[in-house]
Amino acid sequence: MPNKPHITIVGAGLAGALLGTLLAQRGWQVTIYEKRGDPRIQQYEGGRSINLALAERGYAALRLAGADDAVIDQCVMMRGRMVHNRNGQHQFLRYGKDDHEVIWSVHRGDLNSTLLNFAAAAGVEIHFEHELESVDFDARAACFLHQGQKSEIPFVSLVGADGAGSALRAAMQAYRPETFTARTEFLGHGYKELEIPPFDNSGDFSLEPNALHIWPRGSYMCIALPNDEKTFTVTLFLPNEGPFPSFEHLKDGKSARAFFDREFQSASMLIDDLEDDWERNPVGILGTLYLDHWYLDERAVLLGDAAHAMVPFHGQGMNAAFEDCVALAAQLEQTHSREQAFAAFQRQRLPNARAIQQMALDNYLEMRDKVDDPSFLLQRDLEIELTARFPERFLPHYTMVTFRLMPYAEAYRRTQIQNGILAQLTEHARGLDDIDWQLAAQLVQARLEPFTS
Ligand SMILES: Cc1cc2nc3c(=O)[nH]c(=O)nc-3n(C[C@H](O)[C@H](O)[C@H](O)COP(=O)(O)OP(=O)(O)OC[C@H]3O[C@@H](n4cnc5c(N)ncnc54)[C@H](O)[C@@H]3O)c2cc1C
């Protein structure tokens with residue numbers, strides 16, 4: 001039997017662990033190097049976003065690896081958005097048509113541990129506490145730091161699944177600066193995480209569990225996602241600096257509590273340890289990484305956040321990273337030339353990464369500023385009505401991104417056309433009764449071709 005092809009992955013986070021599993025299941029010999037300790041032994045030291053929304057794209061990738069059931073067991077279903085207005089009222093907006101169209105809240109550490117178990121079971125060799133420091137691409141040797149000692153590891157190909165601050169990307173940039181020009185656009189808004197404990201220590205959720213809660217407030221917002229241990233992780237998104245309110249002006253727990261009492265009262269009364277959490281937890285930074293070239297012949301390729309980090313407002317960064325894993329594994333299966341596989345992977349995924357990066361930026365405006373706006377709500381009602389009338393041509397934007405597997409670029413293209421139609425039809429309308437349905441039919445037929453899948 002011929003030797004198995006070998007591949008080296010840098011990073012045993014979400015994408016690294018899943019890609020390792022998929023490749024090992026397809027007959028590859030896989031070695032992963034991860035800078036942190038094993039999260040299955042020591043407490044997860046993620047340092048950012050405690051829980052994540054898993055959607056159909058990510059779920060489909062997990063299904064391919066056989067890990068879907070194990071992951072779903074740890075998730076809490078989120079059927080829609082619960083929007084909390086300033087006046088203390090809340091309104092539930094379903095994401096999809098029924099419980100087949102929902103998203104799932106999953107703990108990052110638990111998910112990572114589950115995927116590492118699958119990788120290990122598939123035969124992947126994982127070395128923890130090995131941090132990639134530099135790469136000698138000519139000698140095909142990667143230098144890892146392990147407990148203060150450097151070791152040179154030979155490789156055939158390196159896969160960079162080492163996240164937004166990728167050391168492999170930095171090494172590729174240092175080797176070919178003219179090819180690997182990366183640009184990160186920082187958002188200017190950061191985030192801080194807080195926690196809502198179970199209700200009155202009775203062991204039950206303090207808010208409706210099967211929803212993603214949003215407190216939209218114009219130029220900033222708070223969200224809360226449920227955890228399976230009956231807590232919620234609350235994330236405040238706020239400008240980093242500038243006039244109040246910004247993180248610059250909320251220096252201590254006391255001023256943060258006063259701000260929450262005024263702006264997010266229904267959340268504030270549930271966050272028992274707000275002052276301590278505020279002072280203990282760092283402000284996370286958010287940005288979009290634009291990189292036009294993801295591979296160096298057959299020697300290196302990047303995926304996930306290392307190739308296309310994005311702001312988290314569509315809840316798709318991990319989902320996109322999981323789609324990358326499926327695409328790269330498929331390309332490597334189709335050809336013996338790794339360079340051709342990496343090139344085909346980039347051709348397939350780069351336009352889609354750009355599209356979801358842009359949609360994630362657009363969604364921030366929608367979440368913080370529009371979800372309680374009457375004209376936005378009318379357009380959402382109209383989307384549902386147009387979907388019912390023209391199911392072969394029209395689908396809500398959120399459905400295309402979250403519950404379908406159509407390429408992100410296609411979802412983005414159709415969204416732009418649909419937004420034009422929605423704006424035109426609602427220009428003078430106050431409710432669905434005011435819509436000109438004849439014009440609606442003409443616009444949909446003329447501008448949107450039928451779905452092909
Ligand atoms: C606030 C916030 C909320 C989010 N919410 C969602 C959501 O709801 N849904 C969603 O789909 N996405 C969400 N995301 C995005 C998601 O977290 C990322 O897209 C996802 O983690 C990318 O996976 P990855 O494996 O590429 O990178 P990572 O998960 O960052 O993994 C990288 C791994 O590489 C390791 N590593 C780093 N450097 C080295 C090195 N030099 N040597 C060896 N190992 C190294 C790291 O320790 C880590 O284990 C969110 C992000 C943020 C910041």
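Numbering of ligands and ligand atoms starts at 1, following listing order. In this text the structure is predicted, and so the values were computed from the model without any measurement.
Y295 and E339 share no side-chain donor-acceptor pair at under 3.5 Å. Side-chain N/O atoms of Q348 and Q331 include a donor and acceptor closer than 3.5 Å. Looking only at atom types and distance, the side chain of N227 has no donor-acceptor partner in the side chain of S105 under 3.5 Å away. In the model, E323 has no side-chain atom that pairs as donor or acceptor with a side-chain atom of N319 under 3.5 Å. For the residue pair Y220/E263, the side-chain donor-acceptor check at 3.5 Å is satisfied.
Neither the backbone nor the side chain of E133 comes within contact range of ligand 1; no heavy atom lies under 4.0 Å. With a 4.0 Å cut-off on non-hydrogen atoms, P312 touches ligand 1 through its side chain and not its backbone. By the criterion of a heavy-atom distance under 4.0 Å, neither the backbone nor the side chain of F144 is placed next to ligand 1.
Of the polar atoms of A15, at least one N or O is found under 3.5 Å from an N or O of ligand 1, judged by distance alone. Considering backbone and side-chain atoms alike, E34 places an N or O below 3.5 Å from some N or O of ligand 1. Ligand 1 has no nitrogen or oxygen under 3.5 angstrom from a nitrogen or oxygen of Y191. Every N/O-N/O distance between A321 and ligand 1 stays at or above 3.5 Å. Polar contact check, A12 against ligand 1: no nitrogen or oxygen pair lies under 3.5 Å apart.
The pair E298-R140 counts as a salt bridge, with a side-chain nitrogen and a carboxylate oxygen less than 4.0 angstrom apart. Between E275 and R280 there is no salt bridge, since no side-chain N of the basic residue sits under 4.0 Å from a carboxylate O of the acidic one. A salt bridge does not link D252 with K254: none of the charged nitrogens is closer than 4.0 Å to a carboxylate oxygen. Between R79 and D99, at least one side-chain N (NZ, or NE/NH1/NH2) sits under 4.0 Å from a carboxylate O, which counts as a salt bridge. Under a 4.0 Å N-O distance rule, the pair E133/K150 qualifies as a salt bridge.
Within ligand 1, counting atoms from 1 as listed, the ones closer than 4.0 Å to a heavy atom of H130 are 42 (N), 43 (C). Ligand-side atoms of ligand 1 in range of A53: 7 (C), 8 (O), 9 (N), 10 (C), 11 (O), range being under 4.0 angstrom from any heavy atom. Interface of G11 with ligand 1, defined as ligand atoms under 4.0 Å from a residue heavy atom, comprises 34 (O), 35 (C), 44 (N). Atom numbering of ligand 1 starts at 1 in the shown order; those under 4.0 Å from a heavy atom of A167 are 41 (N). Counting atoms of ligand 1 from 1 in the listed order, those under 4.0 Å from a heavy atom of G13 are 31 (O), 33 (C), 49 (O). Contact atoms of ligand 1 toward G304: 26 (O) (distance under 4.0 Å to a heavy atom of the residue). Near Y33, meaning under 4.0 Å from one of its heavy atoms, ligand 1 places the atoms 43 (C), 44 (N). Close contacts between ligand 1 and G317 involve ligand atoms 10 (C), 11 (O), 12 (N), 15 (C), 19 (O) [criterion: under 4.0 Å to a heavy atom].
Of the listed options D305, N319, T233, V10, D305 places a heavy atom closest to atom 22 (C) of ligand 1. By heavy-atom distance, the residue among L52, D324, L132 lying nearest atom 6 (C) of ligand 1 is L52. Of the candidates A307, G315, A171, G160, it is G315 that places a heavy atom closest to atom 10 (C) of ligand 1.
By the 4.0 Å heavy-atom criterion, A161 is counted among the residues contacting ligand 1. Using a 4.0 Å heavy-atom cutoff, M310 is absent from the residues neighbouring ligand 1. Assignment of R108 to the shell around ligand 1 is supported, since a heavy atom sits closer than 4.0 Å.
Residues F180 and Y175 keep their aromatic ring centres 6.0 Å or farther apart.
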- Item | Chi angles and distances behind the ring-ring contact (aromatic ring centres under 6.0 Å, His included) call for F128, Y33 | CA-CA 6 Å; F128 293 96; Y33 294 91; over 10 Å; no
- Verdict with supporting geometry, F259 and H249, ring-ring contact (aromatic ring centres under 6.0 Å, His included): CA-CA 10 Å; F259 172 63; H249 288 277; over 10 Å; no
